[in-house]
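First up is the structure itself, then whatever we jot down about it.
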Amino acid sequence: MPAPNYFARNEPTPAVVTEVQQNSNVAGPNDPYYNPRLDPKNYLEGPLSDNAATRLRQLLARPGIVVAPGICDGISARCALEAGFECLYQSGAATTASRMGQPDLAIATLNDFVEAGNMVASLDPRVPVIADADTGFGGPANVARTVRQYARAGIAALHIEDQVQTKRCGHLMGKQVVSREEFLTRIRAAVLARDSIPGGSDFVIIGRTDSAQVLGMEEAINRLKLAAAAGADVCFIEGVKSKDLLESTVAALAPKPVLVNVISGGLTPSFTSWEAEQMGAKIIIFSLVSCVAMVHGVRAAMKSLKETGTDFGTAQGMDPKAFFEVMGLSEVMNLDAKAGGTAFREV
């Protein structure tokens with residue numbers, strides 16, 4: 001009997017491809033993605049859904065721009081809801097700053113993002129939360145894990161970018177990006193994960209490129225065209241520097257919705273939501289609106305306390321109960337009473 005040849009190449013038996021696999025919606029390297037269930041025309045009519053992801057798709061399919069203020073914690077999220085916003089944005093910079101007291105330099109982890117997003121989404125589960133997902137926190141397996149955990153946390157959408165793992169805020173200099181193919185691998189992994197969620201998920205995948213400042217606008221637009229073909233629902237170029245560039249971006253990527261990010265003092269001009277809508281953008285986020293306001297407000301309060309020895313002036317008449325009302329005090333008291341509780345009958 002001849003000895004086995006351990007050095008011979010073992011060719012695997014070809015897998016049997018079923019009809020279900022052949023009809024998969026997953027976009028291969030050269031195949032455009034299409035999922036008829038997620039076609040925007042399916043979201044044009046009917047009342048807004050109580051499911052946050054479905055509601056976001058309805059808002060994207062219908063007239064008007066989606067305005068999403070950047071929130072950084074429970075207080076800022078409560079204030080945004082109180083102001084009447086129909087969508088919230090959780091930025092990586094805000095999450096890193098509020099939870100860790102650190103700059104946006106790839107320091108926060110997947111768990112930090114998921115826990116923060118879960119808390120925000122739980123305040124009003126009907127209001128869509130768009131959450132930054134940085135690079136997906138690793139390779140395709142981690143990108144897929146990120147999508148599944150975000151969806152389970154009640155988050156409605158995320159954006160995946162093409163920076164390297166040692167990324168930084170998109171409005172800082174010195175950025176580096178991965179290859180087109182690695183970026184598309186991240187998008188495909190996100191789409192695969194979303195489409196594998198049992199029951200069918202409306203979770204929104206936003207493809208973001210930071211390549212405009214590294215490789216130029218032409219490359220940035222080409223990357224997003226490829227991301228859209230791979231299944232991204234929305235396109236996002238970080239750092240669009242002018243009105244003309246935003247308008248040309250919207251035209252080049254049509255009919256895909258375009259997201260624009262406005263940060264005061266950042267790379268993008270301070271477009272108003274009305275101006276962005278006129279230019280064709282479908283979503284506008286103001287990433288640091290609460291973070292920066294918080295720095296100014298808390299700095300002023302600390303300075304006043306240091307100089308006056310009291311917080312009476314900075315409180316502006318808001319007592320503890322009034323503060324807790326902003327945080328949902330009445331909701332908790334009513335729930336407790338309906339359940340037969342008596343602990344909070346008087347507060």
Side-chain angles (χ1 to χ4, degrees), residues 52 55-56 59 65-104 107-109 111-134 150 153-159 169-171 206 259-266 268 270-273 276 283-305 311 314-332:
R55 179 175 290 224
L56 180 57
L59 295 173
I65 191 169
V66 177
V67 181
I71 52 85
C72 58
D73 59 6
I75 298 174
S76 56
R78 285 284 189 182
C79 290
L81 293 172
E82 181 185 64
F85 286 101
E86 296 184 333
C87 185
L88 304 178
Y89 174 65
Q90 176 182 292
S91 80
T95 303
T96 306
S98 64
R99 292 180 68 85
M100 310 179 76
Q102 297 289 334
D104 186 13
I107 297 172
T109 66
N111 289 344
D112 293 316
F113 281 60
V114 171
E115 289 169 9
N118 181 234
M119 177 274 296
V120 173
S122 71
L123 298 179
D124 187 341
R126 299 167 300 177
V127 175
V129 175
I130 300 171
D132 191 343
D134 282 355
Y150 274 38
I155 297 167
L158 59 68
H159 60 73
C169 169
H171 291 255
I206 302 172
L259 181 153
V260 61
N261 181 19
V262 173
I263 296 179
S264 182
T268 304
S270 294
F271 300 130
T272 66
S273 55
I283 306 177
I284 184 169
I285 58 176
F286 296 88
S287 299
L288 297 184
V289 61
S290 61
C291 290
V292 173
M294 189 172 292
V295 169
H296 291 313
V298 174
R299 270 182 173 171
M302 294 302 167
K303 181 179 179 182
S304 175
L305 178 60
D311 69 344
T314 55
Q316 300 180 50
M318 178 177 279
D319 61 27
K321 185 175 181 180
F323 171 71
F324 295 136
E325 284 289 357
V326 180
M327 299 302 111
L329 176 63
S330 295
E331 299 169 25
V332 176

Given 3.5 Å as the limit, does a donor-acceptor pair link the side chain of [X] with the main chain of [Y], or not?
X: Ser273; Y: Val67; value: no
X: Tyr150; Y: Asp132; value: yes
X: Ser304; Y: Ala300; value: no
X: Thr268; Y: Asn261; value: yes

Exercise. Stepwise, does the side-chain contact (heavy atoms from CB on, under 4.5 Å) test hold for Leu88 with Val120?
Worked result: CA-CA 9 Å; Leu88 304 178; Val120 173; 3.8 Å; yes
Using 0.5 Å steps for rounding, measure from the [atom1] atom of [X] to the [atom2] atom of [Y].
X: Asp104; Y: Thr96; atom1: CG; atom2: OG1; answer: 5.0 Å
X: Arg78; Y: Phe323; atom1: CZ; atom2: CZ; answer: 10.5 Å
X: Phe286; Y: Phe271; atom1: CZ; atom2: CZ; answer: 10.5 Å
X: Glu325; Y: Asp319; atom1: CD; atom2: CG; answer: 9.5 Å
X: Ile71; Y: Met294; atom1: CD1; atom2: CE; answer: 10.0 Å
X: Ser287; Y: His171; atom1: OG; atom2: NE2; answer: 6.0 Å

To check you understand the geometry: which heavy-atom pair defines the closest contact between [X] and [Y], and what is its length?
X: Val289; Y: Ala293; result: O-CB, 3.3 Å
X: Ala157; Y: Leu56; result: CB-CD2, 3.6 Å
X: Gly74; Y: Leu123; result: O-CD1, 4.2 Å
X: Ala153; Y: Asn118; result: O-ND2, 3.0 Å
X: Ala52; Y: Pro125; result: CB-O, 3.4 Å
X: Cys291; Y: Cys72; result: SG-CB, 3.5 Å

Exercise. Checking side chain to side chain donor-acceptor pair (under 3.5 Å) for the pair Ser76/Asp73: CA distance, chi angles, key distance, verdict?
Worked result: CA-CA 6 Å; Ser76 56; Asp73 59 6; 2.9 Å; yes
For this session: Decide, yes or no, whether a salt bridge links Asp124 with Arg126 under the criterion of side-chain N to carboxylate O below 4.0 Å.
Result: yes
Seminar exercise, completed: residues 83-95 vs side-chain hydrogen bond (donor to acceptor under 3.5 Å, both in side chains), sequence neighbours excluded, gives Tyr89-His159
Problem set entry | Sequence neighbours excluded - side-chain hydrogen bond (donor to acceptor under 3.5 Å, both in side chains) pairs with any residue from residues 289-299 | none
Exercise. Tell me, do Phe113 and Ile155 make a side-chain contact under 4.5 Å, heavy atoms counted?
Worked result: no
Exercise. Are Ile206 and Ile130 side-chain neighbours, meaning at least one heavy-atom pair lies under 4.5 Å?
Worked result: yes
Exercise. Taking Val260 as the fixed residue, which of Ile285, Ile284, Ile283 is the one that meets the side chain to side chain contact (heavy atoms under 4.5 Å, CB included) rule?
Worked result: Ile284
For this session: Determine whether the side chains of Thr109 and Asp112 contain a donor N or O and an acceptor N or O closer than 3.5 Å.
Result: yes
